[in-house]
2 protein chains.
Amino acid sequence: MATKIVEPEAGPRSKRAAILAAAVDHFGEAGFEATKWSTVAERVGIGQTALYHYFESKTHCLLTIMRLELQRSHDKFTEATADVAEPVEALRAAVRAAYDVSDQEVLQMRILQNHMDLLSGPRKSKREEAERVAARQLVQLVERDWTNLLVKGMSQGAFPLRDAQLLGASVLGLIVSVWRWYRPSGPTPLSDVSELIEDACVRMVAT
Amino acid sequence: MATKIVEPEAGPRSKRAAILAAAVDHFGEAGFEATKWSTVAERVGIGQTALYHYFESKTHCLLTIMRLELQRSHDKFTEATADVAEPVEALRAAVRAAYDVSDQEVLQMRILQNHMDLLSGPRKSKREEAERVAARQLVQLVERDWTNLLVKGMSQGAFPLRDAQLLGASVLGLIVSVWRWYRPSGPTPLSDVSELIEDACVRMVAT
DNA sequence: AACTGAATTGAACTTGGCTCAGGTTGATCA
DNA sequence: TGATCAACCTGAGCCAAGTTCAATTCAGTT
């Protein structure tokens, strides 16, 4: 029962995409709790109550952003590693793909990281809970992406045998920890980060 | 101007410690936003308004918890690495120290990680802002702890030369990423985590 | 007993997310 | 052209939870 969320097809007048974009901006820059839901409405150019036509709640919007970002991460991983047979090269490709992101996506990753804890407990309302469950499933999918990569490498003898689950979680943790501090306007270019982490991951995993 | 927060000396009837303990429990288990401030009061056995005798706000309490945990982390690092000259051994000792924690401290680390973003923006009220600044300084101190360790190792030739700042942040990120998912009641014992991460850090950093 | 500061409280205020009952818009089709 | 209907939007207010405040109790001191 891998319940897939049906993306509401966009009516021509729909402001859903605009709301998501504005929400990503504000939640990402100022933080979720620090941004007033009404501010998002203002930015989009509608009254606050109109938001509830598209999202059940402020949190529902947040969870949607998180789910979409998780979906994107998973897709990107899959695409990047699809046709790379050699384990070390696949690992490198996966890491590079993880940092091949737009400024908007940086915000989305930040939002995702800052509110992962939301995914543990159940939600009261239906649609929120649906998004949460979908997001949780995607988290597990992404974790499996990385562990599978490691398992494959281990079975081929490219990586020494260790607890792939734990090692995978650690590699993933290392990679995403960057989104807590990285700022596009900051002193360190993302390419530097990408190179260093790619290198670090290979050292961590390979012989 | 490294403004040090003066810890309010405990009057004999003071419930400050009890409040902090209860807050750590609830904020750590259920999450900060999910726990009602009044619940903490209840647990301690006082009316909600009495909380404001000890803390300016719910957030002020949170920031205090974070600062105390950062202080503890820094102290522990210092103590663990003080008399270890050999860089690799110092690194190992530091990692082991990071995971040598009580269940209560696990909660504190979780709270800290989940609300790091609070430290970026300024706070409106005086005492909150004081705690925030103190915490931010401690974050930098801890980051410097790790980079210094790496710099020392690099200058001694034990570690290959690389951007110590960035590498330090990454090592630290890897270590603390564990607190997002680790549960004392979970299937993986912390000793396993500690060993794997210790190993991973050495691989990341050393030749 | 009078005094003092710490500790506590009930009642009221504030803010921001949210509900509700209805109004407007525009794509579609006669 | 105009009728219809679902999508879209709004003003007025509700409610929960954090917070303020003036007044009170408590414990130790003089």
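In the text below, chain A, chain B and the rest are named by the order of the sequence lines, each starting its count at 1.
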### Neighbour count >12 (heavy atoms, 6.0 Å) for atom CD, B:Glu105
yes
### Message
Over all strands shown, is B:Tyr52 touching base, sugar-phosphate only, or nothing at heavy-atom distances under 4.0 angstrom?
### Response
base
## Note on the structure
Nearest-nucleotide check on DNA chain D, A:Ala50 vs B:Lys58; residue mapping nearer the 5' end is A:Ala50
#### Entry: Rounded distance (Å) that lies between atom P of C:dA6 and atom CG of B:Leu51
18 Å
### Task
Write down the distance between NZ (B:Lys36) and P (D:dG18), rounded to a whole number of angstrom.
8 Å
### Message
Please compare B:Arg13 and B:Glu56 by the position of their nearest nucleotide in DNA chain D and report the one closer to 5'.
### Response
B:Glu56
#### Entry: Between D:dC9 (C1') and A:Arg16 (CZ): distance, integer Å
17 Å
### Message
Would the base of D:dG18 count as contacting B:Ser38 through its side chain, where contact means a donor and an acceptor less than 3.5 Å apart?
### Response
no
### Query
Using a distance-only test with no angle check, is there a side-chain donor-acceptor pair under 3.5 angstrom linking A:Thr59 and A:Glu128?
no
### Query
In whole angstroms, how far is the P atom of C:dC18 from the NE2 atom of A:His60?
12 Å
### Message
For a quick check of understanding: with a heavy-atom distance under 4.0 Å over all strands, which category does B:Thr35 fall into, base, sugar-phosphate or nothing?
### Response
sugar-phosphate
### Message
For A:Lys152, is the NZ atom crowded, meaning more than 12 foreign heavy atoms sit under 6.0 Å from it?
### Response
no
### Task
Give a yes or no on whether a salt bridge exists between B:Arg162 and A:Asp199, defined as a side-chain N under 4.0 angstrom from a carboxylate O.
yes
### Summary
Assert: residue with more 5' nearest nucleotide on DNA chain C, out of B:Gly45 and A:Glu33, is B:Gly45
### Query
Is the phosphate of D:dC9, meaning OP1 or OP2, less than 4.0 Å from a side-chain N or O of A:Lys15?
yes
#### Entry: Interatomic distance where CH2 belongs to B:Trp37 and P belongs to D:dA17 [whole Å]
15 Å
### Task
Nearest whole angstrom, please: distance from the C1' of C:dG23 to the NE2 of A:His53.
14 Å
### Message
What is the separation between atom NZ on A:Lys124 and atom C1' on D:dC15, rounded to the nearest whole Å?
### Response
13 Å
### Query
Can you tell me how far C1' of C:dT8 sits from CD1 of B:Ile19, to the nearest Å?
11 Å
### Message
For A:His115, run the ring pair (Phe, Tyr, Trp, His ring centres under 6.0 Å) check against A:Trp179, A:Phe32, A:Phe27 and tell me which one passes.
### Response
A:Phe32
